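Below is one structure, written out as structure tokens, with a few remarks after it.
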Amino acid sequence: MTVIDTIAEAEAKALNDKLAGLDLAGRLSLVAGLGGRVVFTTSLGIEDQVISAEIGTHRLPIDIATLETGRLFAETLALIDETEAQYDIHIQRFTPEKADIDAYAAKYGLNGFYESVEARHACCGVRKLKPLARALEGATIWITGLRRGQSANRAETPFAEYDAERHLVKVNPLADWDIEAIKAFVSDNGVPVNPLHARGYPSIGCEPCTRAIKPGEPERAGRWWWEQDETRECGLHVAEEASVVAAQ
Ligand code: SF4
């Protein structure tokens with residue numbers, strides 16, 4: 001870690017402590033006013049809809065981006081349009097490169113991600129991680145909808161942390177919200193949400209890699225359900241080393 005990284009880490013820790021004492025609008029307003037390019041990446045999940053609603057309602061200078069992987073549910077695609085219209089915001093779509101998709105299909109098959117963790121990481125690398133890198137180009141702050149209650153490996157999610165790999169500060173303004181608070185916000189404020197949530201999909205990603213969960217299952221049990229590793233993620237929010245491997 002460089003001296004600059006060490007300074008940035010200390011600043012992120014100070015920001016984390018400030019954010020802890022604010023409500024959601026206060027957290028977003030604070031980071032929007034820090035200067036530099038602030039980017040919020042949305043998957044259109046229920047948490048992310050809360051953040052989009054706040055950005056749109058308060059007209060905050062925060063860029064909104066989504067990773068249009070080419071494998072999303074039709075309901076998710078429709079929700080992008082609906083959210084833009086309701087809040088008069090622009091959600092920039094970042095798509096995978098055709099050459100990358102073709103190379104992946106030639107090596108693994110279009111749906112090769114079911115066959116091995118390596119093949120799955122490679123697909124997420126092409127369809128998510130590389131577009132994410134473009135979405136975050138020039139960003140100083142990256143806002144996400146991560147919550148501690150989403151899974152065991154998100155249980156320690158801070159409000160702000162330095163991402164030394166991407167050289168930016170990652171802000172998670174909903175880190176301490178539980179799902180009931182999220183649902184109450186959505187209901188009280190008429191926030192549009194993905195209809196799949198009501199059909200047993202608390203966490204929604206690409207269509208071939210997401211299933212409904214059974215009562216009592218963890219929120220993210222329907223993501224890559226055929227894999228045994230309980231810490232499975234797509235690489236967007238895991239250790240940088242794994243992200244790099246996946247992106248390759
Ligand atoms: S979630 Fe599935 S379809 Fe989407 S990028 Fe990852 S492996 Fe590919």
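Whatever order the structure lists them in is the order used to number ligands and atoms, beginning at 1. Remember, predicted model here, so these are calculated numbers, not experimental data.
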Heavy-atom proximity to atom 1 (S) of ligand 1, picking from Tyr108, Tyr104, Trp224, Tyr114, points to Trp224
Short version for Cys124: what comes under 4.0 Å of ligand 1, heavy atoms counted, is both
When rounded to the nearest 0.5 Å, the distance separating CZ of Arg93 from OG1 of Thr69 is 13.5 Å
Can you tell me if Cys123 has an N, O or S atom under 2.8 Å away from atom 8 (Fe) of ligand 1?
yes
Numbering as shown, the atoms of ligand 1 that approach Cys209 to under 4.0 Å (heavy-atom distance):
1 (S), 2 (Fe), 3 (S), 7 (S)
Could you see which bit of Arg120 sits under 4.0 Å from ligand 1, with heavy atoms only: side chain, backbone, both or neither?
both
Could you tell me whether any N, O or S atom belonging to Cys206 is less than 2.8 Å from atom 4 (Fe) of ligand 1?
yes
Do Ile46 and Ile179 have side-chain heavy atoms sitting under 4.5 Å apart?
yes
Using a strict cut-off of less than 4.0 Å between a Lys/Arg side-chain nitrogen and an Asp/Glu carboxylate oxygen, indicate whether Glu217 and Arg211 qualify as a salt bridge.
yes
Can you list everything that forms a side-chain hydrogen bond (donor to acceptor under 3.5 Å, both in side chains) with Thr157? Sequence neighbours excluded, please.
none
Report the residues that fulfil side-chain hydrogen bond (donor to acceptor under 3.5 Å, both in side chains) with Glu75, sequence neighbours left out, ordered by chain and then residue number.
Arg199
